[in-house]
2 protein chains.
Amino acid sequence: MPSFPATSQRLTDRKRSAIIEAAIDEFRLSGYETTSMDRIAARAGVSKRTVYNHFPSKEVLFAEILHHLWQAISGGEELAYRADRPLRDQLLELIAQKFRLLNDEAFVSLARVAIAAGIHSPERAHDMVARMSEREEGLTVWIRAAAAAGRLKTNDPVFASHQLQGLIKGFAFWPQITLAQPPLDAAAQKQVAETAVDMFLAYYAL
Amino acid sequence: MPSFPATSQRLTDRKRSAIIEAAIDEFRLSGYETTSMDRIAARAGVSKRTVYNHFPSKEVLFAEILHHLWQAISGGEELAYRADRPLRDQLLELIAQKFRLLNDEAFVSLARVAIAAGIHSPERAHDMVARMSEREEGLTVWIRAAAAAGRLKTNDPVFASHQLQGLIKGFAFWPQITLAQPPLDAAAQKQVAETAVDMFLAYYAL
DNA sequence: CATAAACTACACTGTACAGTGTACATATCT
DNA sequence: AGATATGTACACTGTACAGTGTAGTTTATG
């Protein structure tokens, strides 16, 4: 029976976690270029050599972190279209789900780091945003179903979905990413969500 | 009578312009951190020392460029609300004006550079986007006037204006900035503009 | 043409940083 | 307790880059 030190696993695992956490903080704070491996090591309370024993290069460490943050936010339970409930209620629930993501510290971190790093690295940006837009599929699927059921008048669900998201993200995503603004408070979220949905339905509902 | 070399002004002016142009290209291509003064000098066809004779530091050169690009896009002729024309036409014209800005290479460059540089420098980001949002005032003013004239039902013109812009920027700004996507073609612009305006009016028009 | 201003080549300083090699220490496992 | 895996301190290489100093050349101007 291993008498491991109270809180957690093997030393090497704790070190590894500390490095990843420190790296997330540093990259988030300073971006990829201006973050040094020495600072990451220092913040992690770990020797620089240990960082390199775990991760062969800064690039790899960075990729690991993107992967790590990605895991942290992968919990999207698709909401299916239902004929027996008002469109408005269903849309509000879909938006609420989106807000949970947008309020998620991990998600915003990921987005900030990814966009900051990717803005001058097309292939990485492409990969990143491609994966992010997968998370936007749910809404499109719902709209397509509602249209097929004859409750919405659109033959371009992807476009309509982007519109609705534009109405949300303009308030609750881009300002937070580019200006590091705090997430919307509950009242603002309510206003943004309800007005967006009502505007959307005013145009698309049959 | 000075026999100046055909095309333009004094040598020093041409050098200065060459430096600024080269710096715009480089910063746009690689961001602030990863662009070196040596590369700028090389691209400008100028000795490094000359760069420093014109601009005391990289910081200053960068600021100069932001200022320079800012000048290049400052030609916004505010469109005033008019009681004698349909709302839809006026809004479409406002949007068209916005698209002219969004299609402007200089504007997109500025935005990309500014956002990339500012994403980890809150004060600069703040300053930058504050100035950018001045350019969005026109739409807000128009909406306020239309509401005062009893043609739109909103008591929050700023919010409404942001909504309409969200419907545009989600297609024609953010993808271009963060993914370096090409500007929308004419057909797409038409679709985005018309659908946005129609959706907006479906909700707000009296 | 003389003079001042601007440009150039180039060598140089200082710093920051990615990444490595090593000798020694500490933890983990059997 | 002894063997093995990990971590640490630290010195070091090589590179990239901001910024400077200088001596000499080119360009404009009275």
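The chains referred to below are lettered A, B, ... by the order of the sequence lines, with proteins before strands, and numbering in each begins at 1.
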Q: Spell out protein contact along nucleotides 6-19 of chain D as letters: B when the base is contacted, S when just the sugar-phosphate is, - when no protein heavy atom is under 4.0 Å; keep the 5' to 3' order.
A: SSBB-------SBB
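Other residues, nucleotides and ligands contribute only 12 or fewer heavy atoms inside 6.0 Å of the NZ atom of A:K190. Other residues, nucleotides and ligands contribute only 12 or fewer heavy atoms inside 6.0 Å of the NE2 atom of A:H68.
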Please tabulate the protein-to-nucleotide N/O contacts below 3.5 Å involving nucleotides 1-4 of chain C, giving atom names and distances.
none

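Remark: of the listed residues A:R88, A:R85, A:R100, A:K98, A:R85 is the sole one forming a salt bridge (Lys or Arg N to Asp or Glu O under 4.0 Å) with A:E93.
For the pair A:H162 and A:V158, the minimum side-chain heavy-atom distance is below 4.5 Å. Inter-residue side-chain proximity for A:I19 and A:L61 is flagged as met; some heavy-atom pair is nearer than 4.5 Å.
Partners of B:E26 under the side-chain contact (heavy atoms from CB on, under 4.5 Å) rule, at least two apart in sequence or in another chain, are B:S30, B:T35, B:R39, B:I40, B:R43.
Scanning both residues, B:R16 and B:E64, for their nearest heavy atoms gives NH1-OE2, 4.0 Å.
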